[in-house]
Visitor: 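Handing you a structure now.
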Amino acid sequence: MDKFIVEGNGPLSGEVAASGAKNAALPILCASLLSDEPLHLTNLPKLWDIATTRKLLTQMGVDVQQPDPHECVVNAKSITTCVAPYELVRTMRASILVLGPLLAKRGEAQVSLPGGCAIGARPVDLHLMGLKAMGAEINLEGGFIHAKASRLKGAQIYFDTVTVTGTENLMMAAVLAEGETILENAAREPEVVDLARCLRAMGAKIEGDGNTTIRIQGVKNLHAATHAILPDRIETGTFLVAGAVSRGRVRVTHTEPGLLDAVLVKLQQAGAIIRTGVDFIEVDMQGRRPKAVNLHTMPHPGFPTDMQAQFMALNCLAEGVGVIKETIFENRFMHAQELLRLGADIRIEVNTAVVTGKESLTAAPIMATALRASASLVIAALAAQGETIIDRIYHMDRGYEDIEGKFAALGAKIMRVSKLM
Ligand code: EPZ
């Protein structure tokens with residue numbers, strides 16, 4: 001298992017380019033199942049999860065051409081099976097996103113139930129509720145979702161809880177359904193909007209994406225399209241927080257300021273000077289220590305849960321006390337245990353973390369436990385005195401493209417050590 005060796009090395013400075021958004025690329029790759037014509041995608045991030053999705057589609061008989069790591073042409077004209085097997089789904093829960101498109105296009109799907117993961121139980125009951133409302137027959141047997149539908153029918157669907165992939169799965173199911181589907185209390189994340197943009201380019205009739213009510217008029221067929229994946233707002237935010245924690249000056253390019261307003265507000269509250277342009281965001285601490293911030297994770301446009309761990313690392317090194325409330329997932333504070341090993345002062349009470357900032361942290365061997373949690377450990381280690389070894393960094397490779405190369409370009413002392421075992 002690979003490890004990172006990270007040495008505290010003072011303020012980060014320089015420029016880094018954001019990659020395409022993992023959480024837009026995953027549903028958009030699955031959207032290729034809705035059409036018999038090629039879907040040409042650019043600005044794809046080079047990540048394990050993208051490779052897993054390509055593998056999942058290929059084993060279904062989808063033709064995937066990959067001119068370069070950041071581009072692919074996907075054609076689902078001659079798929080041979082509608083099965084998403086356990087060994088792939090268990091490594092990536094987002095495989096559930098083939099369910100809606102397969103049902104819509106092929107009238108059947110067998111998708112392994114995605115287990116929970118480190119951050120929570122991650123149920124898919126709302127996905128299944130919506131598909132049943134559209135006329136699908138759903139049976140759970142042998143750890144699989146067995147779904148059938150001669151032709152899905154438009155329905156009015158209300159989500160009790162805002163669900164990102166639930167909204168995406170049902171939006172894809174609805175684009176070929178008979179009649180109109182209305183999704184109420186839908187997720188408003190930019191990745192949902194990017195999926196809608198791609199589906200419209202393929203000929204779907206969707207409006208309201210980005211708001212709480214999305215209307216989809218079913219059409220007979222979709223056609224070929226080309227789509228550039230939107231920039232990754234969480235990767236962008238991760239590097240901006242690293243710049244702030246290290247008291248440096250970091251510019252993230254190939255991104256969009258409008259994707260992460262809530263994060264920029266929190267960085268300004270922490271004392272950062274924020275400069276933005278059409279495709280860049282810059283954080284400048286001018287050598288000053290960040291101030292602690294309070295935050296409360298919420299569905300978009302609220303503060304993103306995927307940025308909570310990174311801001312916990314900031315609060316560990318900030319001036320003052322910051323209170324973090326995690327309202328989306330039931331177990332998303334595992335990074336706190338690892339930060340405590342670096343000498344942080346964190347008190348957890350159910351879904352609230354009270355963090356008392358310290359002038360500095362001290363290196364210690366720690367372990368990545370989940371994707372975004374692992375990024376917070378790198379941020380803290382960069383500001384810790386001494387050499388920190390971070391184990392199980394495969395979590396990071398799932399969602400951050402060349403994270404050590406990008407941090408090193410900002411002046412960080414970070415090295416990957418590959419272990420055979
Ligand atoms: C997406 O997960 C993202 N993953 C997550 O990013 C992100 O943290 C999450 O949205 C919240 O923004 C992808 O887009 C691939 P949810 P998703 O359904 O869709 C409950 C990362 O690090 N719920 O919006 O699985 C659920 O338990 C990952 O990139 C139900 O109860 O999250 C949670 O409490 C981590 N029933 C809440 O809704 C359902 O059927 C939000 O979950 C579905 C969800």
Side-chain angles (χ1 to χ4, degrees), residues 19-31 45 47-50 52-53 56 89 91-100 111 113-133 138 140 145 157-173 183 185-195 229-230 232-238 259-260 262-263 297-310 326-332 334-335 351 368-376 395-401 403:
S19 299
K22 167 178 87 77
N23 290 348
L26 297 178
I28 286 170
L29 280 163
C30 297
L47 302 170
W48 278 112
D49 275 7
I50 303 299
T52 303
T53 308
L56 174 64
V89 176
T91 61
M92 190 188 65
R93 304 186 57 269
S95 311
I96 187 79
L97 286 163
V98 302
L99 181 58
V111 179
L113 264 172
C117 73
I119 62 177
R122 311 293 296 274
V124 291
D125 56 308
L126 299 176
H127 299 233
L128 304 181
M129 170 278 296
L131 292 170
K132 279 182 198 158
I138 305 268
L140 303 185
I145 301 163
I157 296 163
Y158 176 79
F159 292 105
D160 296 337
T161 312
V162 174
T163 161
V164 174
T165 49
T167 301
E168 292 165 344
N169 231 338
L170 286 155
M171 191 158 73
M172 290 192 279
L183 303 181
N185 198 25
R188 301 169 59 188
E189 271 67 6
E191 293 75 30
V192 174
V193 175
D194 204 39
L195 170 63
I229 302 292
L230 102 159
D232 193 315
R233 61 193 166 102
I234 304 301
E235 183 196 22
T236 300
T238 300
L259 293 174
L260 59 168
V263 170
T297 63
M298 294 291 283
H300 193 78
F303 186 89
T305 173
D306 291 352
M307 284 300 302
Q308 178 257 106
Q310 296 88 320
E326 171 58 60
T327 70
I328 306 290
F329 291 113
E330 65 268 30
N331 187 32
R332 203 168 198 177
M334 280 158 318
H335 41 285
N351 65 344
T369 50
L371 169 55
R372 307 303 173 186
S374 48
S376 78
H395 289 291
M396 261 176 271
D397 295 333
R398 289 192 49 186
Y400 287 99
E401 179 173 344
I403 192 165

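Whatever order the structure lists ligands and atoms in, that order sets their numbers, starting from 1. Just so it is clear, the structure is predicted and the values come from calculations on it, not from any experiment.
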Visitor: Write none if no such pair exists; otherwise list each N/O atom of ligand 1 with its protein N/O partner under 3.5 Å and the distance.
Guide:
residue	atom	partner	partner atom	Å
ligand 1	2 (O)	R122	NH2	3.4
ligand 1	6 (O)	N23	ND2	3.3
ligand 1	6 (O)	D306	OD2	3.1
ligand 1	8 (O)	D306	OD1	2.6
ligand 1	8 (O)	D306	OD2	3.4
ligand 1	8 (O)	R332	NH1	3.4
ligand 1	18 (O)	T163	OG1	2.7
ligand 1	19 (O)	T165	N	2.8
ligand 1	19 (O)	T165	OG1	2.6
ligand 1	22 (O)	R372	NE	3.1
ligand 1	24 (O)	V164	N	2.8
ligand 1	25 (O)	R122	NH2	3.0
ligand 1	29 (O)	K22	NZ	2.9
ligand 1	29 (O)	N23	ND2	3.0
ligand 1	29 (O)	R372	NH2	3.0
ligand 1	34 (O)	I328	O	2.6
ligand 1	36 (N)	D125	OD1	2.8
ligand 1	40 (O)	P123	O	3.4
ligand 1	40 (O)	D125	N	3.1
ligand 1	40 (O)	D125	OD1	3.3
ligand 1	40 (O)	L126	N	2.7

Visitor: Minimum heavy-atom separation for L230 and A24, please, with both atom names.
Guide: CD2-CB, 3.5 Å
Visitor: Compare every heavy atom of I96 with every heavy atom of I145, then report the nearest pair and how far apart it is.
Guide: CD1-CD1, 3.6 Å
Visitor: Between K132 and D125, is there a side-chain N and carboxylate O pair less than 4.0 Å apart?
Guide: no
Visitor: Under the side-chain hydrogen bond (donor to acceptor under 3.5 Å, both in side chains) criterion, do H335 and Q308 qualify, and how do the steps go?
Guide: CA-CA 10 Å; H335 41 285; Q308 178 257 106; 2.9 Å; yes
Visitor: For the pair E191 and R233, find out whether any cationic side-chain nitrogen is under 4.0 Å from an anionic carboxylate oxygen.
Guide: yes
Visitor: Which heavy atom of P27 sits nearest a heavy atom of M172, and at what distance?
Guide: O-SD, 3.7 Å
